Amino acid sequence: MEFYHSLKAQNNIFNITRIYLLYTFILDVSFIYMAADSTNLIIVESPSKARTLKRYLGDNYQIEASVGHIRDLPKSDLGVDIENNFKPTYVAAEDKAKVISQLKKLMKNAATLYLATDPDREGEAIAWHLTEILNPSIPVKRLVFHEITKKAIQESFDHTRDIDKSLVGAQEARRILDRLWGYQVSQKLWYNVKGGLSAGRVQSPSIKIVVDREKERAKFKEGEYWSITAQFDSKGNNFESRLKEVESHKIAIGKDFGKETGVLTKSDLLALDESRATKLVEAFSKSSWLVSKIEQKPATQNPYPPFITSTLQQEGIRKLKMSSQQVMRTAQHLYEEGYITYMRTDSISLSSEALNASRNAIKKLYGTEFLPDKPRVFKSKVKNAQEAHEAIRPAGSTFQSPKDVQGNLKELEWKLYDLIWKRTLASQMKSAKLLKTNVEISDGNAIFDAKGKVIEFPGFLKVYVEDIDDPGKEKDDKESLLPPMNEGESVSATEFTPNQHFTKPSPRYTEASLVKELEELGIGRPSTYAAIMGNIQQRGYVRKVKGALIPTFTAYAVVQFLERYFTDMVNLQYTASLEDTLDAISRSEMKSDEFLGYFYFGQNSTPGLQALLDSEFDKDQSRTIMELKDENDETIAVKIGR
DNA sequence: CAGTGAGCGAGCTTCCGCTTGACTT
């Protein structure tokens, strides 16, 4: 109460447009007289959020956590009455009995119930489930804040609202669709492929992505090509360059070859083979060379946005060689100990507290020359971002530097904190200033080119450089220097070298690149990326070998089955578009039972899930993964199952 | 006669998303 008073004092209470503020103010005061021992109950999702909130609010607020969802569909039963508008049956989660009885007890003494679950689809549903299970007779208000600061909490008390039924409807539609899809299609797998298998809206597209890549790699045909590099000398300075053109024909490189043919796809390019390369080298050593073109252009490079769940996992996997699940476990620890903000988020926004802390730290550690005039604002490009929390960053209004905390943390925890601290600071630092130089050396017939990159001002690169999956690409902070030269200047060639190359297939997915792919497609949520990675390995769909994800025979069989009988369900575009429809439901533009009706019973000429479930399944073929010929040319089928 | 293994039938598996401990390996 004390806190609320001081908040009010900061407000212009005489402002007529905010007269209802005064009204709630009076209500709150009246509680003091009504019942000295009566309190307000605030329910949040996470226990550590409850602890933080306690520091801000006085004794008149009881703050408890629901610890996530409290009710769900039953585990051993479909729990959806398809004939009755997809009516769901909910049961209280077994492990939440304690939480529920505690909440019921606290509510007996409460004057008002504030539901402060997360401001997103799932949070709205948790709030609604709470009212269903607690059945409160006291006033219920929905409280929404995006960060835990005085200002944000004050505003949330000023703008309490009712539960948003459309948002709850969208969550229910999501839940019911996942149940119908997951349970019913899984059962078809048991009867037609192998017992115990699983399918679902998220896991099945995930394994399809891995299987598709493996198939692409199997079809890959290697192509051979040659390149020529030269060492040139300008006034005693050596530099390397690469043959770009001969007689106005560009020299072919790896990406110019067909992946399934190994043959050049563009006819106007020149693909060098060994003899051609050797002959050219011979001819080049007799030529005289001069600088035919110099291009210099300044470039700026902007920092990466601060971490969200997916990018934290990617960098944790790449830089620290952790798994998705390890990254999340470690981050959870850091969060609970108060070192970082919430680690399951899809928002790249930083709160004003974080912006201040970053700017102070940058000024102190690197000086004002690394500090932009204004804080940098990032806008999410991720489809379907719900942005219930801020980006992942060091906690508090002043950031503890990695050195400060080194003694308190285990090695990996410290490394992850260090990464988060650096990434956050870098995101608020000045852009890097680069000077890119492109030089062409010609003998009138062939052209070599050399690229230079000079970092004139490092900006954020001083603190953080992102790691890369693709070994062909160069890291952002890699410099390459060229000596100063003038157009028309002659240069001497010291050496020409022919190099043999082979084209490479697309690399296998890693946990990092698969999480990235799923996020770009809008499949899965921050709280589930790590679980999906664990799940597809545990169920024997994918094996991880030196970080690379390799699909098993089971995965091939399941993907083949789903593509044949449930084509849309594993269509990545379709899966991603479901999310758009759920958004429409949350904006009240569509009703959830209408959506589920289309999904299950079909729409126009598109069959729904029900029709697909009723198809005739070819059991024998579904178990066949491949057919081989033995030495007598007899066909041997490889099947799975028992 | 004891031990092995084929054959049969019953019972079970499964989704996604939100949160932590309480478990085992």
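Protein chains get the first letters and strands the later ones, always in sequence-line order, with residue 1 at the start of each. All figures in this text were calculated on a predicted structure; none of them were measured in a lab. As a basis for the values below, the full set of heavy atoms in this structure was taken, side chains included, without hydrogen atoms, waters or symmetry mates.
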(request) Compare the minimum distances between each of B/dC18, B/dC15, B/dT20 and the side chain of A/R539, then state the nucleotide with the smallest one. (result) B/dC15
(message) Could you tell me how far apart A/I126 (CD1) and B/dT19 (P) are, to the nearest whole angstrom?
(response) 7 Å
(message) Taking any heavy-atom pair under 4.0 Å as a contact, classify A/Y342: base, sugar-phosphate, or nothing.
(response) sugar-phosphate
(message) Under 4.0 Å, heavy atom to any atom of DNA chain B: which of residues 166-183 of chain A qualify?
(response) A/R174, A/R175, A/D178, A/R179, A/G182, A/Y183
(message) Is it the case that the side chains of A/S324 and A/Q313 hold a donor-acceptor pair, with the cut-off being a distance below 3.5 Å and no angle test?
(response) yes
(message) What's A/A531 touching, base or sugar-phosphate or nothing? Going by heavy atoms closer than 4.0 Å.
(response) nothing
(request) Select base, sugar-phosphate, or nothing to describe what A/Q203 touches, counting heavy atoms under 4.0 Å on all strands. (result) sugar-phosphate
(message) Determine whether A/L596 and A/L177 satisfy the following criterion, side chain to side chain contact (heavy atoms under 4.5 Å, CB included), listing intermediate values before the conclusion.
(response) CA-CA 7 Å; A/L596 289 169; A/L177 181 145; 4.2 Å; yes
Under 3.5 Å, which protein N or O atoms sit close to an N or O of nucleotides 21-25 of chain B? Give each pair with its distance.
none

(request) Looking at every strand, decide which applies to A/R329 at a 4.0 Å heavy-atom threshold: base, sugar-phosphate, or nothing. (result) nothing
(message) Under 4.0 Å, counting only non-hydrogen atoms across every strand here, what does A/G200 touch: a base, just sugar-phosphate, or nothing?
(response) sugar-phosphate
(message) Near DNA chain B, counting only heavy atoms under 4.0 Å, which residues of residues 72-86 of chain A show up?
(response) A/D72, A/K75
(message) Mind checking if A/S48 touches a base, just sugar-phosphate, or nothing, with heavy atoms under 4.0 Å?
(response) sugar-phosphate
(request) Write down the atom of A/T112, the atom of A/I138, and the distance for their closest heavy-atom approach. (result) C-CD1, 3.8 Å
(message) Check this for me: does any side-chain nitrogen of one of A/K87 and A/D593 sit under 4.0 Å from a carboxylate oxygen of the other?
(response) no
